[in-house]
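Below: the structure, in C-alpha cells.
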Amino acid sequence: ATGEFHPYLGTVDAIDQPTAVVFDLDPGSPATVVDCCRVALRVRSMLGDLGLRAWAKTSGWSGLHVYVPVNGTTRFEEAKAFARAVARQLEQDDPGLVTSQMARDKRPGKVFVDWSQNARGKSTVAPWSLRGWEVPTVSMPVTWEEVEGVAPAGDPRPLTFVADDALRRAEAGDLFAPVATVVQPLPVTADGAP
C-alpha cells in the first residue's frame, strides 16, 4: 500500500503564484507514453524557442509531465492562459495526435495536453511519489535523452519505474531539483498566447 503525494503548485508563502507551469500529457488509448514523449519533445522545442527551460517526469502511470519553473511573480491566471495557448498551438499543428479538449470523446488515440492543471487549488502527483497501483510505480524525473530515446523506439518500458529504481536514481541526485529554484518569466501576450 502507498499514499500518493499530490502537492499544489503554489506554496504557503505565495498561494496565488505557481512555482511552475505544468503540461500534463495524458494518452487516450490506444495512444501510450510513447506518444506522450513525441508531444513532450514538441513542447520542449516550442518552449525553447521562447527562451524557456523545461524538465520532464513520468506520471507514474501512462502519461508524462513537462514542468516549466517560473518561481517568480507569475499568477495562476497567466500560467493557465500560457499553458492553454501552448496546448492549442500543439493541437493546431498536429490535430491527429494532440487534443487540448477535456472531453473524453475527443481523446481516443490522442495525447490530451491538460492545461487546466495550472489553476489555483489543482494538484499534480509529486516527483518521486509512488502511485497506488497493485505494483506501485513512481512518478520519476527523467532526462530529455530518455524521452528522446523512447519516442522513436516505440517502447514504453524504459519509462516505467518502481521503488527500487527510484532509490538507485536518488543516489545520483535529484534531476528535478532545478524546478524548485530556476526563475523564468513567461513571455505572455495580452491574449495569453506564447
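- Under the 4.5 Å side-chain contact rule for hydrophobic residues, Val66 and Val147 share a cluster.
- The main-chain N or O of Gly60 is found under 3.5 Å from a side-chain atom of Thr137 such that the two form a donor-acceptor pair.
- Listed here is the closest heavy atom pair of Gly51 and Gln184: O-OE1, 4.1 Å.
- Rounding to the nearest 0.5 angstrom, the gap separating the CZ atom in Arg131 from the CE atom in Met140 is 13.0 Å.
- A distance-only check finds a donor-acceptor pair linking the side chain of Asn118 to the backbone of Val22 [under 3.5 Å].
- With a 6.0 Å cutoff to the six-membered ring centre and a 45° limit on the axis angle, Arg84 counts as a cation-pi contact of Trp115.
- Between Leu47 and Arg53 the shortest side-chain heavy-atom distance does not fall below 4.5 Å.
- Heavy atoms only, all atoms of each residue included: Thr58 and Leu64 are closest at CA-CD1, 3.9 Å.
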**Message:** Walk me through whether Phe76 and Ile15 qualify under side-chain contact (heavy atoms from CB on, under 4.5 Å).
**Reply:** CA-CA 9 Å; Phe76 276 105; Ile15 198 68; 6.0 Å; no
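- Lys57 and Ser139 share a side-chain donor-acceptor pair at under 3.5 Å.
- Phe161 contributes atom CZ, which lies 10.5 Å from atom CZ of Arg168 (distance to the nearest 0.5 angstrom).
- When every heavy atom of Gln89 is checked against every heavy atom of Met46, the shortest pair comes out as CG-CE, 3.6 Å.
- By the rule that hydrophobic residues join a cluster once side-chain heavy atoms approach within less than 4.5 Å of another member, Val142 and Val34 end up as members of one cluster.
- Between Val113 and Leu90 the shortest heavy-atom distance is CG2-CD1, 4.3 Å.
- Put simply, the side chain of Thr19 gets close to the backbone of Leu9: a donor and an acceptor are under 3.5 Å apart.
- Under the 4.0 Å criterion applied to side-chain N and carboxylate O atoms, Asp174 and Arg169 are not assigned as salt-bridge partners.
- A donor-acceptor pair is defined here as one N or O able to donate and one able to accept, closer than 3.5 Å; such a pair exists between the side chain of Glu78 and the backbone of Arg75.
- Residues Leu25 and Leu41 share a hydrophobic cluster, clusters being chains of Ile/Leu/Val/Met/Phe/Trp/Tyr side chains in contact below 4.5 Å.
- For Thr99 (side chain) and Gln101 (main-chain N/O), a donor-acceptor pair under 3.5 Å exists by modelled atom type.
- Across every non-hydrogen atom of Pro178 and Trp55, the tightest pair is CB-CZ2, 3.4 Å.
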**Asked** Taking it one step at a time, do Glu148 and Glu146 satisfy side-chain contact (heavy atoms from CB on, under 4.5 Å)?
**Response** CA-CA 5 Å; Glu148 290 166 352; Glu146 288 174 299; over 6 Å; no
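- Ion pair Asp16/Arg120 flagged as a salt bridge, since at least one NZ, NE, NH1 or NH2 atom sits closer than 4.0 Å to an Asp/Glu carboxylate oxygen.
- For Ala172, there are no side-chain contact (heavy atoms from CB on, under 4.5 Å) partners, not counting sequence neighbours.
- Residues Ser100 and Arg88 meet the side-chain proximity criterion, which asks for heavy atoms closer than 4.5 Å.
- Val21 is listed as a side-chain neighbour of Val70, based on a closest heavy-atom distance under 4.5 Å.
- Taking the ring centroids of Tyr67 and Phe176, they lie under the 6.0 Å cut-off.
- Between Met102 and Arg107 there is a side-chain heavy-atom pair separated by less than 4.5 Å.
- In this structure, Gln17 contributes its side chain and Asn71 its backbone to no donor-acceptor pair below 3.5 Å.
- Contact of the Ser59 side chain with the Thr124 side chain is not registered, since no non-hydrogen atoms from C-beta on lie closer than 4.5 Å.
- Between Asp114 and Ser116, the side chains place a donor N or O and an acceptor N or O closer than 3.5 Å (distance only, hydrogens not considered).
- Here the closest non-hydrogen pair linking Lys122 and Tyr8 is O-CD2, 3.4 Å.
- Under a 3.5 Å cut-off, the side chain of Arg38 and the backbone N or O of Ala151 do form a donor-acceptor pair.
- Counting heavy atoms from C-beta on, the side chains of Val33 and Ser62 never come closer than 4.5 Å.
- For the pair Phe82/Leu50, a side-chain contact is recorded, criterion being any heavy-atom separation below 4.5 Å from C-beta on.
- Lys110 places a side-chain N or O within donor-acceptor distance of the main-chain N or O of Pro95, the cut-off being under 3.5 Å.
- Under a hydrophobic clustering in which Ile, Leu, Val, Met, Phe, Trp and Tyr are joined whenever their side-chain heavy atoms come within less than 4.5 Å, directly or via other members, Val138 and Leu175 fall into different clusters.
- Once rounded to the nearest 0.5 Å, the distance linking SG of Cys37 with CG of Leu159 reads 5.0 Å.
- For the pair Ser129 (side chain) and Phe5 (backbone), a donor-acceptor distance under 3.5 Å is present.
- Clustering ILVMFWY residues whenever any of their side-chain heavy atoms sit less than 4.5 angstrom apart, transitively, puts Phe112 in a cluster other than the one holding Val39.
- The pair Asp94-Arg42 meets the salt-bridge criterion, with a side-chain N (NZ, NE, NH1 or NH2) lying under 4.0 Å from an Asp/Glu carboxylate O.
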